[in-house]
Amino acid sequence: MKMKKWLSVALSAALLLTGAGWSGMQVRAEEQVQDAAGGLSASEQYVAAMGAGWNLGNSFDGVDTDLNAEDKGEMAWGNPVVTRELIHSVKEKGYQSIRMPLTLHHRFTEENGTYTVDPKWLARYKEVVDWAVEEGLYVMVNIHHDSWIWLKDWNGDTKAEEYIKFTQLWEQLAAYLAEEPEQVCFETINEPQFTAYENVTDQQRLDSLNQAAYDIIRKSGGNNDKRMIVMPTMNTNHTDEKVQGLLKFMQGLQDPNLIATVHYYSEWVYSANLGIAEFDEALGDDGNTPRKAADQLFDVLTDTFIKNDFGVVIGEYGLLGYDAGEDCLQQGEELKYYEYMGAKAAQQDGISLMFWDNGSGIDRNDASYAWKKPLVGTMLETSVKQRSSYATGLDTFYLQAETKNDLEVPLTLNGNTFTGIEGAVQGTDYTYDETSATVTLNSDFINKAFRKLAEDAYGAFADLTFTFSAGAPWHQYLVKYGTVKAASAKGTTADGIQIPVSYEGSRVRRATAYMANGKVGPQSGWWNYLQYQEVFSADYENGLFVISKNFFADDTVKGKDGLIRFEVTFFDGNKTDIWLNVSGDQITSKKALEQKPSVTAAKVKTGKKKALKLKNVADGAEVSYKIANKKIAAVTSKGVVKGIKAGKTKVKVTVTQYGKTDTFTGIVQVNK
């Protein structure tokens with residue numbers, strides 16, 4: 001930790017005492033930069049000034065890779081034309097910087113080996129850059145999807161088409177923006193990735209591209225001789241090998257005006273919702289959690305780049321399930337992630353955090369540019385300047401009926417104090433224990449709200465807004481739920497299947513699929529749960545459980561007939577089974593597998609052998625056998641009994657199929 005941090009903390013305390021209201025958490029980046037005596041390098045000072053940032057995603061980077069198709073420009077991927085008002089709204093939301101991804105594919109022509117960028121495209125892009133500059137925002141110019149559209153195929157030869165194209169595009173871009181002020185920085189390439197070739201490594205190719213862009217920018221005139229240049233790790237990942245590779249290259253340039261960049265979307269099984277819903281939920285047996293993974297990210301960035309005087313921009317961060325569907329992520333647990341990421345970035349000088357928004361964040365079709373998910377937007381804006389508090393557990397309590405018990409809500413305060421619940425009376429409706437930071441909701445208060453819901457209705461019957469001395473408010477929900485019921489349906493492997501389900505207020509937490517011989521579906525070879533939205537989803541509005549065609553296209557399922565059991569777990573703790581039968585390309589759902597496995601009584605003579613007969617046991621099931629009295633008979637692992645002496649004994653059979661284990665007994669009669 002650099003000494004400058006101590007100066008920042010002291011200034012924060014002074015601002016707090018004078019009523020600045022920053023919770024002792026973070027000093028404005030402009031004030032940090034004013035005092036360089038604390039030890040921040042030029043790179044770290046610049047990143048501190050960038051502060052919290054926002055991505056103008058899926059606008060100038062949107063592109064149709066079919067060169068014969070009409071280029072719809074910044075509207076290619078469904079977003080409207082960028083307006084000055086949108087850029088202004090970004091500033092108004094508290095952001096200090098903006099990253100503007102730019103894809104040049106489809107926007108240049110080639111003649112005799114010379115690649116020329118469309119001047120109208122450059123002019124339009126520069127117009128928006130200038131709007132951001134006028135707003136006082138720092139701007140990160142970025143060549144984006146070209147990385148995977150064509151640059152990934154580069155073989156490392158500097159005479160190859162990809163290298164020539166890359167260098168010529170940067171020559172034009174650097175020259176065109178050369179007179180932009182120093183608050184505009186250049187990022188060499190987005191998420192570099194390469195097709196494997198012999199005799200050249202990914203890092204060698206990335207070093208060559210970073211070197212080429214660096215040389216071009218520095219020699220292109222204007223303000224580019226000292227402009228900040230942002231360089232990515234391979235794949236913008238933060239593994240040790242990749243950060244060390246970039247660090248070594250940047251140190252070799254001996255240039256103080258360089259910034260490192262990585263991207264971060266948390267742990268995939270949490271970020272994309274593969275059954276891990278909570279921010280503090282264990283990811284495996286090693287004790288790691290999404291929160292601890294975030295700690296590890298910042299530790300790596302600090303130990304690698306910050307300690308070597310290079311600022312770091314986390315050029316994209318977010319959660320992969322954010323735009324995969326409104327119910328993909330558990331909202332309260334999503335809010336905890338954004339709160340914590342903002343806090344971690346604010347605690348470390350020289351790290352800027354930029355939210356990835358492809359149009360699913362700020363509503364670009366709304367005249368006021370409001371957030372599509374207001375609670376997420378509030379948390380994102382708040383985390384720029386101060387910490388927020390929240391329930392330590394989930395944001396929802398599920399009740400089937402009125403309760404005789406009070407409900408406790410332990411709080412994680414993050415340095416704040418609890419101030420109350422809007423519309424509720426402390427001492428009557430709830431109590432608060434300051435020592436344990438626990439709110440206790442009175443049962444009478446809960447039941448009064450419960451009774452307002454119609455007897456045959458299900459869902460939320462209370463939205464309790466917890467308030468604190470600083471930060472965003474927290475919403476705690478009370479939900480009435482019943483028994484989930486699934487009906488019959490038909491579908492095809494090409495289209496998937498939609499099964500009518502009465503959710504009765506329940507919400508799906510996770511799902512696992514089994515055929516007779518074990519787990520099936522994407523990632524089933526190494527993970528327990530299926531990916532929400534990609535493989536299955538819950539349509540609560542229309543009462544459907546949807547299993548997508550992606551599930552049936554997976555190699556573990558494709559072309560296989562038979563029964564499939566979906567084990568669905570809900571946040572209220574209940575589970576239900578959804579059974580499917582696949583025959584060819586036809587799928588039908590069943591209410592339940594009705595018959596339990598069993599074993600038929602067997603008779604065998606001494607010295608003879610006989611195979612046991614099992615009922616309702618599928619091919620591929622795992623079966624084991626155990627004889628109670630080994631003096632009377634023996635049994636093989638294949639279920640063949642051998643009579644030893646006359647008498648009667650029990651045989652215990654254990655069958656594991658469709659993800660369930662059943663144990664039952666049968667009789668073996670041995671005759672002379």
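Numbers here are sequence positions counted from 1.
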Student: ring-ring contact (aromatic ring centres under 6.0 Å, His included) for Trp77 and His145? Distances and angles first, verdict last.
Tutor: CA-CA 13 Å; Trp77 287 355; His145 293 299; 4.9 Å; yes
Student: Begin from the C-alpha positions of His144 and Trp356 and carry the test ring-ring contact (aromatic ring centres under 6.0 Å, His included) through to its verdict.
Tutor: CA-CA 13 Å; His144 208 74; Trp356 175 256; 5.8 Å; yes
Student: Quick one: closest heavy-atom pair of Ser266 and Leu319, and the distance?
Tutor: CB-CD2, 4.0 Å
Student: Taking all heavy atoms of Ser43 and all of Asp309, pick out the closest pair and write down the distance.
Tutor: CB-O, 3.8 Å
Student: Hey, is the main chain of Thr417 close enough, under 3.5 Å, to the side chain of Ser469 for a donor-acceptor pair?
Tutor: yes
Student: Any cation-pi pair here, Arg227 with Phe186, using under 6.0 Å and within 45°?
Tutor: yes
Student: Can you name the closest pair of heavy atoms from Val262 and Asn237 and give their distance?
Tutor: CG1-O, 3.8 Å
Student: Strictly distance-based, threshold 3.5 Å: is any side-chain N or O of Asp395 a donor or acceptor partner for the main-chain N or O of Gln331?
Tutor: no
Student: Looking at CD1 of Ile259 and CD1 of Ile229, how far apart are the two atoms once the value is rounded to the nearest 0.5 Å?
Tutor: 10.0 Å
Student: Suppose we screen for salt bridge (charged side-chain N to carboxylate O under 4.0 Å, His left out). Which residues come up paired with Glu278, at least two apart in sequence or across chains?
Tutor: Arg509
Student: Classify the angle between the aromatic ring planes of Phe355 and Tyr317 as parallel (below 30°), tilted (30 to 60°) or perpendicular (above 60°).
Tutor: perpendicular
Student: In sequence, state the C-alpha distance, the side-chain angles, and the governing distance for Lys373 and Glu326, and then conclude on salt bridge (Lys or Arg N to Asp or Glu O under 4.0 Å).
Tutor: CA-CA 9 Å; Lys373 296 172 72 172; Glu326 185 114 353; 6.0 Å; no
Student: Flag the pair Arg124 and Glu127 as a salt bridge only when some basic side-chain nitrogen lies within less than 4.0 angstrom of an acidic carboxylate oxygen.
Tutor: yes
Student: Starting at CZ of Arg205, measure out to CH2 of Trp154 and round the result to the nearest 0.5 Å.
Tutor: 8.0 Å
Student: Tell me, with the steps shown, if Asp295 and Tyr340 meet side chain to side chain donor-acceptor pair (under 3.5 Å).
Tutor: CA-CA 10 Å; Asp295 291 338; Tyr340 195 67; 2.5 Å; yes
Student: Quick check against the 3.5 Å criterion: does Asn58 have a side-chain atom that pairs as donor or acceptor with the backbone of Asn79?
Tutor: no
Student: With a 4.0 Å cut-off, would you call Arg107 and Asp118 a salt bridge?
Tutor: no
Student: Indicate yes or no: does Lys152 engage Glu162 in a salt bridge with an N to O separation below 4.0 Å.
Tutor: no
Student: Any ion pair linking Asp255 and Arg218 (charged N to carboxylate O, less than 4.0 Å)?
Tutor: yes
Student: So His475 and Tyr477, would you call those rings parallel, tilted or perpendicular, with 30° and 60° as cut-offs?
Tutor: parallel
Student: Are Glu135 and Arg84 ion-paired here, with the side-chain N under 4.0 Å from a carboxylate O?
Tutor: no
Student: Which residues satisfy the side chain to side chain contact (heavy atoms under 4.5 Å, CB included) test with Glu161, sequence neighbours excluded?
Tutor: Tyr115, Lys165
